[in-house]
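Reminder, nothing fancy here: chain letters follow the sequence lines and each chain counts from 1.
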Amino acid sequence: MRTHRCGELTAADAGSSVTLCGWVHTRRDHGGVTFIDLRDRSGLVQVVFSPEISLAAHAAAEELRGEFCVQVQGSVAARRSGTVNPRLATGEVEVAAHELTVFSRAETPPFQVDGHGEIEETLRLRYRYLDLRREHMRDNMLLRHKIISAIRRFFDAEGFVEIETPMLTRSTPEGARDYLVPSRVHPGDFYALPQSPQLFKQLFMVSGLDRYYQIVKCFRDEDLRADRQPEFTQLDMEMSFVDIADVLDVTERMFKFVWREALGVALDDFVRMTYGESMERFGVDKPDTRFGMELTDLGDVFAGTEARVFRAALDDGGAVKCVTLAGRADMGRKDLDALVDEAKSLGAGGLVWAGVTAEGIRSPVDKFFSDDERAGLVKVAGAEEGDLILIVADGDPGVVYKVLGALRNRLADRHGLIPERAKSDPEAWKFVWITDFPWFEYNEAEGRWDPIHHPFTGVVEATKDYLETDPGRVVSKAYDITLNGWELASGSIRIHDRVMQERVLSALGISDEEAQARFGFLLNAFRYGAPPHGGIAPGIDRIVALAAGESNIREVIAFPKTQSATDPLTGAPAPVDDAQLKLLHLRSTAPAPPEN
RNA sequence: GCCCCAGUGGAGCAGUCAGGAGUGCUCAUCUCCCUGUCAAGGAGAAGGCCGCCAGUUCAAAUCUGGUCUGGGGCGCCA
């Protein structure tokens, strides 16, 4: 039905006869001559309908309107001098139309496909098929394909095999909430949709498949965020006979390959940072290193302080830390109060601000500082005249990290501290490996130690004997990749030794019976010669979002869910017939919807 | 579960702080004019439950309370 794509015509095609199919992007009717921009996936080209070329085609073009789906047969012509459009890739040529076929007329769309501004997202999602016609979304979908295609080419070349794992599997109570699927055949029993293929890929290693990857949907029934959807796509990967360095090497080369193929960028080597260093410097385990404003510890400065909040925090074994916002010492009282409220809403008891001015420190608590403390604060914080120092003190160092880490990111955004860089600039992409995570974190609510990664994560040899004595000091063989402040991937070297696995489960307070019931199939598999193995699982949606310059993964997912996990296009989730429920041995306890 | 922001012809906005007739802008739609435009131009027209419910008031898009929807965040996300 067509010989060329619209966006691919160039001056070299001048004189050739072409047939194009696409949608009417815009129409400019001059009465005697009519222009349309014809659009397909590849882009736009101008089509001219003139009575001097074809009376019939010109007459037929009269009825054309935006988004009509048409076929045009015509000849490519170099544009007359002075009518070249440098803003269009095909702007040096136009197609003189000899014949026009209208495949489908179109109603006036609910929003303009050729529009430039923002459109309310619910409307875009309800008419996603129209939204995807827009250049921006089309580019995002094509970039997503390019990235996924590059990933597959890389792993194929490295000797990995792509194998699918089940979507209907067994619920494991730890971790995120599962999406459940009722069994018709087994009354009262449920499958769960996978949160990740974690256990299956480890079984592949026991099977000797050696190098596995899969681009796979995963499901977690938790509340949504800009970077979280209930169903999302992972690049799941696992390798045998490897240690940390091997997985990091393959993964880093994979990202470099993808960035080169999809964006044409030669990435620098990734920075490596321990979890401890990331927390100390940035307050978070996914540092955005595109800007400074790092955290500074003020414990030494205020070691002997009389200022009550600092004294109390330090005496409780907590921390006093700060970030310095350059050039904002003159911030107004209203904005400062808002910052204090923001810190409180993040969990801090308060926020102490201190402006460095020619007259000295401008701060509500200045009167509690000694001269040494004033001088020490400015010096240690590295502040200069005109800077604003923001201090958080808390008996729990975790609160200090969390509040300052969040404020650092938010203030950088608000005050434009992140340099604008072209995508082609390697400096635009700050990949950081985070390593040496603690194995456990203490769960206050439940009064027990929980895994930071998952129960099959390897233990750094030198710290394994803390398992029984001081779990907080056990270091895991887990690693993350972060990019510009986003967590892109998590992985680990796994435990392949049954004895070590039992020690870890015991430290988690999981009994043998419980372990057997939950994931006995994996533990049993390990009885038959489990190789040393490990892997990683980058999030595809986040990778594409960052590569596309989006701050929201919905922009790179064809049919995403709203924040309340609904789909305005299909209306999912929706009620089902009682008959369907009955077949599945289910009865709803939800309150009946109000009758209208 | 909690905090914050938004909701005004089909789309995007202004108007809301400081109450006074659905008041305005850009685009789209419809009719007419127009043979070189390209976000075409000109003339005209149509199009509204100011998200919804209540309250205050002589009077509510505007003030108050509630509610719904969307978005950002906290909790949650091994």
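- Residues passing the side chain to side chain contact (heavy atoms under 4.5 Å, CB included) test with A/Ala343 are A/Ala348, A/Leu351, A/Val403, A/Leu407, sequence neighbours excluded.
- Residues from residues 194-205 of chain A lying near RNA chain B, meaning a heavy-atom separation below 4.0 Å, are A/Ser196, A/Gln198 in numerical order.
- With sequence neighbours excluded, the residues forming a side chain to side chain donor-acceptor pair (under 3.5 Å) with A/Asp567 are A/Thr570, listed by chain and number.
- Taking atom C1' in both B/A61 and B/U23, one finds a spacing of 11 Å when rounded to whole Å.
- As rounded to the nearest Å, B/G22 and B/G48 have C1' atoms that lie 7 Å from one another.
- Of the C1' atoms belonging to B/C5 and B/C77, the separation is 24 Å, rounded to the nearest Å.
- Annotation: side chain of A/Ile36 is in contact with side chain of A/Leu64 (closest heavy-atom distance under 4.5 Å).
- Nucleotides B/C50 and B/U62 are separated by 10 Å at their C1' atoms, to the nearest Å.
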List the steps, then state whether side-chain hydrogen bond (donor to acceptor under 3.5 Å, both in side chains) holds for A/Arg494 with A/His454. CA-CA 9 Å; A/Arg494 330 296 181 186; A/His454 59 60; 3.3 Å; yes
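- With sequence neighbours excluded, no residue forms a side chain to side chain contact (heavy atoms under 4.5 Å, CB included) with A/Ser506.
- A donor-acceptor contact under 3.5 Å is not formed by the side chain of A/Arg220 with the base of B/C77.
- Counting non-hydrogen atoms under 4.0 angstrom, A/Asp450 reaches nothing in the nucleic acid.
- Between B/C77, B/U35, B/G72, one nucleotide has an atom nearer to the side chain of A/Ala176 than all others, and that is B/C77.
- With sequence neighbours excluded, no residue satisfies side chain to side chain donor-acceptor pair (under 3.5 Å) with A/Tyr127.
- Across all strands shown, A/Ile452 has heavy atoms under 4.0 Å from sugar-phosphate atoms exclusively, and none from any base.
- At a cut-off of 3.5 angstrom, the base of B/G71 holds no donor-acceptor pair with the side chain of A/Arg225.
- In this structure, the nucleotide among B/G70, B/C77, B/U29 sitting nearest to the side chain of A/Thr108 is B/U29.
- Remark: side-chain polar atoms of A/Tyr479 are not paired, donor with acceptor, to backbone N or O of A/Trp433 under 3.5 angstrom.
- Going from atom CD of A/Glu441 over to atom C1' of B/C77 covers 11 Å, rounded to whole Å.
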Below 3.5 Å between N/O atoms, which protein atoms pair up with nucleotides 10-14 of chain B? Just atom names and distances, please.
| residue | atom | partner | partner atom | Å |
| --- | --- | --- | --- | --- |
| B/G10 | O2' | A/Pro110 | O | 2.9 |
| B/G12 | OP1 | A/Glu120 | N | 2.7 |

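- Along RNA chain B, the nucleotide closest to A/Lys402 and the one closest to A/Thr562 are compared, and the more 5′ of them pairs with A/Thr562.
- Residues A/Arg228 and A/Ser551 both approach RNA chain B. Their nearest nucleotides, taken by heavy-atom distance, put A/Ser551 toward the 5′ side.
- As rounded to whole Å, 10 Å separates atom P of B/G72 from atom CD1 of A/Ile553.
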Output a table of nitrogen or oxygen pairs between the protein and nucleotides 36-40 of chain B separated by less than 3.5 Å.
| residue | atom | partner | partner atom | Å |
| --- | --- | --- | --- | --- |
| B/G36 | O6 | A/Arg80 | NH2 | 3.0 |
| B/G36 | N1 | A/Glu94 | OE2 | 3.1 |
| B/G36 | N2 | A/Glu94 | OE1 | 2.5 |
| B/G36 | N2 | A/Glu94 | OE2 | 3.0 |
| B/U37 | O4' | A/His30 | NE2 | 3.4 |
| B/U37 | O2' | A/His30 | NE2 | 3.4 |
| B/U37 | O2 | A/Arg28 | NE | 2.7 |
| B/U37 | O2 | A/Gln46 | OE1 | 3.3 |
| B/U37 | N3 | A/Gln46 | OE1 | 2.8 |
| B/U37 | N3 | A/Gln46 | NE2 | 3.0 |
| B/U37 | O4 | A/Gln46 | NE2 | 2.7 |
| B/U37 | O4 | A/Arg79 | NH1 | 3.1 |
| B/C38 | O4' | A/Arg28 | NE | 3.0 |
| B/C38 | O2' | A/Arg28 | NH1 | 3.4 |
| B/C38 | O2 | A/Gln46 | OE1 | 3.3 |
| B/C38 | O2 | A/Asn85 | ND2 | 3.1 |
| B/C38 | N3 | A/Arg79 | NH1 | 2.6 |
| B/C38 | N4 | A/Arg79 | NH1 | 3.2 |
| B/C38 | N4 | A/Thr83 | O | 2.3 |
| B/A39 | OP1 | A/Arg87 | NH2 | 2.4 |
| B/A39 | OP2 | A/Arg87 | NH2 | 2.6 |
| B/A39 | O5' | A/Arg87 | NH2 | 3.0 |
| B/A40 | OP2 | A/Arg28 | NH1 | 3.1 |
| B/A40 | N6 | A/Asp29 | O | 2.9 |

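- Considering only residues two or more places apart in sequence or on other chains, A/Thr26 meets the side chain to side chain donor-acceptor pair (under 3.5 Å) condition with A/Arg28, A/Asp37.
- Scanning for side chain to side chain donor-acceptor pair (under 3.5 Å) contacts around A/Tyr191 gives an empty result, with sequence neighbours left out.
- When the C1' atom is compared between B/U69 and B/C27, the two are found 25 Å apart, to the nearest whole Å.
- Distance CD (A/Gln563) to P (B/C77): 18 Å, rounded to an integer number of Å.
- Separation of the P atoms belonging to B/G55 and B/G72 is 35 Å when rounded to the nearest angstrom.
- Between the C1' atom of B/U29 and the CD atom of A/Glu67 lies a distance of 14 Å, rounded to the nearest Å.
- No salt bridge links A/Arg228 with A/Glu222; every basic N to acidic carboxylate O contact stays at or beyond 4.0 Å.
- No N or O donor and acceptor, one from the side chain of A/Asn552 and one from the base of B/G71, sit under 3.5 Å apart.
- A heavy atom lying under 4.0 Å from RNA chain B marks none of the residues of residues 332-343 of chain A.
- Here the side chain of A/Gln229 pairs a donor or acceptor atom with the backbone of A/Lys561 at under 3.5 angstrom.
- The separation of B/G10 from B/U16, taken at their P atoms, amounts to 23 Å, rounded to a whole angstrom.
- Rounding to whole angstrom units, CD of residue A/Glu107 and C1' of B/A28 are separated by 15 Å.
- B/C58 sits 38 Å from B/G70 when the P atoms are compared, rounded to a whole Å.
- With sequence neighbours excluded, no residue satisfies side chain to side chain contact (heavy atoms under 4.5 Å, CB included) with A/Ala89.
- Between A/Lys334 and A/Asp337 no salt bridge is recorded (no basic side-chain N to carboxylate O distance below 4.0 Å).
- Counting to the nearest Å, the P atom of B/C76 and the CG atom of A/Asp178 are 18 Å from each other.
- The aromatic rings of A/Tyr212 and A/Phe204 lie tilted to each other, with the angle between the two planes from 30° to 60°.
- The side chain to side chain contact (heavy atoms under 4.5 Å, CB included) check on A/Arg5 picks up A/Arg2, A/Glu8, A/Asp40, A/Arg41, A/Ser42, with sequence neighbours excluded.
- As a whole-Å value, the separation of A/Gln234 CD from B/C77 P is 16 Å.
- A/Arg220 places a side-chain N or O within 3.5 Å of a backbone atom of A/Gln195 that can act as its donor or acceptor partner.
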